[in-house]
Asks: 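Quick one: this structure, given as C-alpha cells, is what I'll be asking you about.
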Amino acid sequence: MDLDGSEQDPEMKEYSSVYVGREEDIKKSERMTAVVHDREVVIFYHKGEYHAMDIRCYHSGGPLHLGDIEDFDGRPCIVCPWHKYKITLATGEGLYQSINPRDPSAKPKWCSKGVKQRIHTVTVDNGNIYVTLSNESFKCDSDFYATGDFKVIRSSF
Ligand code: FES
C-alpha cells in the first residue's frame with residue numbers, strides 16, 4: 001500500500017507504510033513482530049494504544065518482544081528481559097532512577113536518558129495494521145542493533 005506516494009520515489013521507499021497484520025489479532029495477542037523494509041520491529045497493543053519500536057534493546061540487543069510492560073512514573077514501559085532496562089512505549093526514552101547523593105533522605109526519582117529506542121508509526125486502516133519506519137535523522141542507540149550484522153533476530157512469536 002502506498003499511503004504517501006513514496007513508491008514513485010525509490011529514495012523514500014524505505015519509509016512507505018507496510019502491512020503487518022490484522023487489528024483483531026494484535027488485540028488478542030497484545031503484541032506482534034514484523035520485518036518492515038528489512039528492519040525488525042515489535043508492535044504492542046497496550047491499553048487501547050498501538051506502539052511500534054525497534055525489536056532489539058538499545059543496551060545490548062535484548063529481545064524486547066519478550067519483555068513485560070509495566071508503568072514507571074506513570075509511563076507505560078517495556079522492560080527488557082535481559083538487564084531490565086525500562087523503555088517508554090510512547091517515546092522510546094530510557095528511564096532510570098536517581099538520587100541526590102548530597103541528600104540521603106531524598107527518594108529516588110525517575111529520570112530520562114533521552115530517546116534511546118527508535119519509535120515507528122502505527123496506523124490502522126479498515127482493520128489492517130501498517131507500520132511506517134521513523135525517518136527522523138537523529139542517531140538513535142537502537143539503530144546499532146537494527147542495521148548491519150546485528151539486524152533481524154528470529155522471533156519466537
Ligand atoms: Fe536490554 Fe540489556 S539488553 S537491558
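Computed over heavy atoms, backbone and side chain alike; hydrogens, waters and symmetry mates excluded. Quick caveat, the model's predicted, so the values are computed rather than measured. Order of listing sets the numbers, starting from 1, for every ligand and every atom in it. Residues: numbered from 1 along the sequence shown.
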Asks: Sub-3.5 Å donor-acceptor pair from the side chain of K86 to the main-chain atoms of K84, do we have one?
Replies: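 Judged by distance alone, yes, a pair lies under 3.5 Å.
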Asks: Among the N/O/S atoms of H59, which is closest to atom 2 (Fe) of ligand 1? Give the atom name.
Replies: ND1
Asks: Decide yes or no on side chain to side chain donor-acceptor pair (under 3.5 Å) for E23 and Y45, but give the supporting numbers first.
Replies: CA-CA 9 Å; E23 194 175 17; Y45 178 71; over 6 Å; no
Asks: Against heavy atoms of H83, which atoms of ligand 1 measure under 4.0 Å?
Replies: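 In order of numbering, the contacting atoms are 2 (Fe), 3 (S), 4 (S).
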Asks: Between C80, S60, P81, which one has a non-hydrogen atom sitting closest to atom 1 (Fe) of ligand 1?
Replies: C80
Asks: Counting from 1, what ligand 1 atoms have a heavy atom of W82 closer than 4.0 Å?
Replies: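 Contacts of ligand 1 toward W82, numbered from 1: 3 (S).
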Asks: With a cut-off of 4.0 Å, which atoms of ligand 1 are near a heavy atom of G62?
Replies: 3 (S)
Asks: So which heavy atom on Q117 is nearest to which on Y58, and how close?
Replies: OE1-N, 2.9 Å
Asks: Testing the basics here: between I87 and C57, what is the closest heavy-atom pair and its distance to 0.1 Å?
Replies: CD1-SG, 4.2 Å
Asks: Counting distance only, does the side-chain N/O of R118 pair as donor-acceptor with the main-chain N or O of D143 below 3.5 Å?
Replies: no
Asks: Between atom NE2 of H120 and atom CG of N135, what is the distance when rounded to the nearest 0.5 Å?
Replies: 11.0 Å
Asks: Using a strict 4.0 Å cut-off to heavy atoms of C57, name the atoms of ligand 1 that fall inside it.
Replies: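 Contacts of ligand 1 toward C57, numbered from 1: 1 (Fe), 3 (S), 4 (S).
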Asks: Under 4.0 Å from a heavy atom of Y85: give me the atoms of ligand 1 that qualify, with their elements.
Replies: 4 (S)
